[in-house]
Amino acid sequence: MSRRTTIIIAVLLLIAAGAIWGYREFTRVPASLTDLDADHTVDAVSLIKEFTTNDSLAGKKYRNAILAVQGQVKSIDSSGNFYTIVMGDTSDMSSVRCSMDSSHFAAMSAGIQRGKAITIKGAITGFKKDETGLLGSDVELNRCVVQQ
Amino acid sequence: MTRKGILTALLGIMVLSVSAQDKFFTKSGRISFVSKGLIETNSAAHKSVTAVLDSKSGQVQFSVLMKGFEFRKALMQEHFNENYVESDKYPSSTFKGQITNNGDIKYQTDGEYNATVKGTLTLHGETKPVEATGKITVKGGKPRLQSDFNVQLSDYKIGIPSMVKDKVNNTVNISVDCSLEPLKS
């Protein structure tokens with residue numbers, strides 16, 4: 001094989017590899033959290049306290065993290081086919097709100113009820129400070145799955 | 001306690017109860033947006049919108065955490081948060097407004113009412129006036145707020161890199177759908 005042919009084949013292979021990588025990257029869907037490890041494991045009440053004490057510090061600590069949050073179920077909110085499990089102290093208006101991954105919720109929701117202690121894994125999206133004084137402040141997670 | 005005292009206390013409780021029923025809220029509202037580019041359409045949805053409505057005054061407020069928007073494509077979600085809305089720098093977006101025809105909406109009577117809201121939208125650190133039309137559906141004493149409106153990304157200083165100009169439209173259509181519950185204080 002001549003040197004020129006080798007170079008052409010190498011360039012074509014590089015272009016093909018780049019195109020495959022580009023296509024896979026372009027069509028990549030957000031990963032399910034089921035198989036990913038949590039960056040932090042924390043209980044719901046402590047997590048709320050960290051944010052209400054110093055939301056800037058807590059925001060930096062948990063930025064873009066996957067959290068495994070342990071705690072009691074305060075309520076399950078539903079809107080159409082979407083479910084949010086609300087965790088924390090029932091005597092406190094502030095909560096950890098876990099927007100559930102709908103593809104997993106149906107299979108995992110059995111037995112989840114108010115007062116039950118569970119662990120939920122989710123991607124933190126931030127802290128919503130209550131400015132009205134009527135609603136309570138919330139730490140929000142999405143793409144959540146129930147950790148068995 | 002005298003009869004007059006008991007009556008005054010009861011009236012006080014009734015007034016407080018009525019006042020509490022003026023306010024409605026949700027923390028599980030939905031907002032989605034669609035950007036129709038020349039080559040492809042990008043869309044995202046948010047399922048954790050906080051909305052508060054004071055039916056007496058017609059004041060309404062919505063807030064979302066930007067990182068809560070979910071895209072079908074991970075790459076678009078990453079670009080949205082890192083390059084467009086800069087979610088770490090500007091973590092939330094809020095709309096505060098007033099229903100201009102609030103007097104036409106009978107919150108105690110089931111029905112569908114057209115509504116117009118005027119207010120300000122804060123996004124990417126920029127606050128701009130927004131006016132939108134929508135409908136309020138009252139069922140069983142609970143209002144559901146729905147609206148569609150457009151925003152221009154350039155108004156909020158959200159730049160579109162020239163490489164993806166054909167994928168991302170400067171005009172984004174936003175849909176809001178929030179079913180509210182009475183706020184018990």
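Every chain is numbered from 1 and lettered A, B, ... according to where its sequence line falls, protein lines coming before strand lines.
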Task: Partner chain A: residue of B:Thr26, B:Val52, B:Leu75 with the largest heavy-atom pair count (under 4.5 Å) - done: B:Leu75
Open item on the list: With no hydrogens and no angle check, just 3.5 Å: does a side-chain donor-acceptor pair link B:Thr50 and A:Lys128?
Closed with: yes
Open item on the list: Once rounded to the nearest 0.5 Å, what's the spacing between atom CE of B:Met76 and atom CZ of A:Phe26?
Closed with: 9.0 Å
Task: Residues of residues 45-59 of chain A near chain B, each having a heavy atom less than 4.5 Å away - done: none
Open item on the list: Is there a path of hydrophobic side-chain contacts, each under 4.5 Å between heavy atoms, that joins B:Ile174 and B:Ile160?
Closed with: yes
Open item on the list: With a 4.5 Å cut-off on side-chain heavy-atom distances among I, L, V, M, F, W and Y, is there a chain of contacts connecting A:Leu67 to A:Val73?
Closed with: yes
Open item on the list: For A:Leu141, which atoms come within 4.5 Å of any heavy atom of chain B: side chain, backbone, both, or neither?
Closed with: neither
TODO: Consider only side-chain heavy atoms of I, L, V, M, F, W and Y, link residues closer than 4.5 Å, and tell whether B:Ile99 and B:Phe149 are in one cluster.
DONE: yes
Open item on the list: Sub-4.5 Å heavy-atom contacts with chain A: which residues of residues 61-73 of chain B show up?
Closed with: B:Gln61, B:Ser63, B:Val64, B:Leu65, B:Lys67, B:Gly68, B:Glu70, B:Phe71, B:Arg72, B:Lys73
Open item on the list: Can you tell me which portion of B:Ser28 sits under 4.5 Å from chain A's heavy atoms? Options are side chain, backbone, both or neither.
Closed with: both
- [ ] Group every Ile, Leu, Val, Met, Phe, Trp and Tyr by side-chain heavy-atom contacts under 4.5 Å, then state whether A:Val86 and A:Val139 land in the same group.
- [x] no
Task: Neighbourhood of chain A inside residues 102-134 of chain B, taking heavy atoms under 4.5 Å as contact - done: none
TODO: May I have all residue pairs that pass salt bridge (charged side-chain N to carboxylate O under 4.0 Å, His left out) and include part of residues 5-24 of chain A, sequence neighbours excluded?
DONE: none
TODO: Write down the atom of A:Ser99, the atom of B:Ser48, and the distance for their closest heavy-atom approach.
DONE: CB-OG, 3.8 Å
Open item on the list: Rounded to the nearest 0.5 Å, what separates atom OG in B:Ser92 from atom CZ in A:Phe127?
Closed with: 11.5 Å
Open item on the list: Do B:Asn81 and A:Asn64 make a side-chain contact, defined as non-hydrogen atoms from C-beta onward lying under 4.5 Å apart?
Closed with: no
TODO: Nearest 0.5 Å please: distance from the CZ atom of B:Phe25 over to the CG atom of A:Leu135.
DONE: 6.0 Å
Open item on the list: Quick check on the hydrophobic clustering: are A:Val96 and A:Ile76 connected, directly or via other members, by side-chain heavy-atom contacts under 4.5 Å?
Closed with: yes
Task: Flag if over 12 foreign heavy atoms under 6.0 Å of CD, B:Glu78 - done: yes
TODO: In plain terms, say whether B:Lys27 and A:Asp77 are close enough for a salt bridge, that is, a side-chain N and a carboxylate O under 4.0 Å apart.
DONE: no
Open item on the list: Rounded at 0.5 Å granularity, tell me how far NZ in B:Lys47 sits from CZ in A:Arg97.
Closed with: 12.5 Å
Task: Region of A:Arg28 in contact with chain B, defined by heavy-atom distances below 4.5 Å - done: both
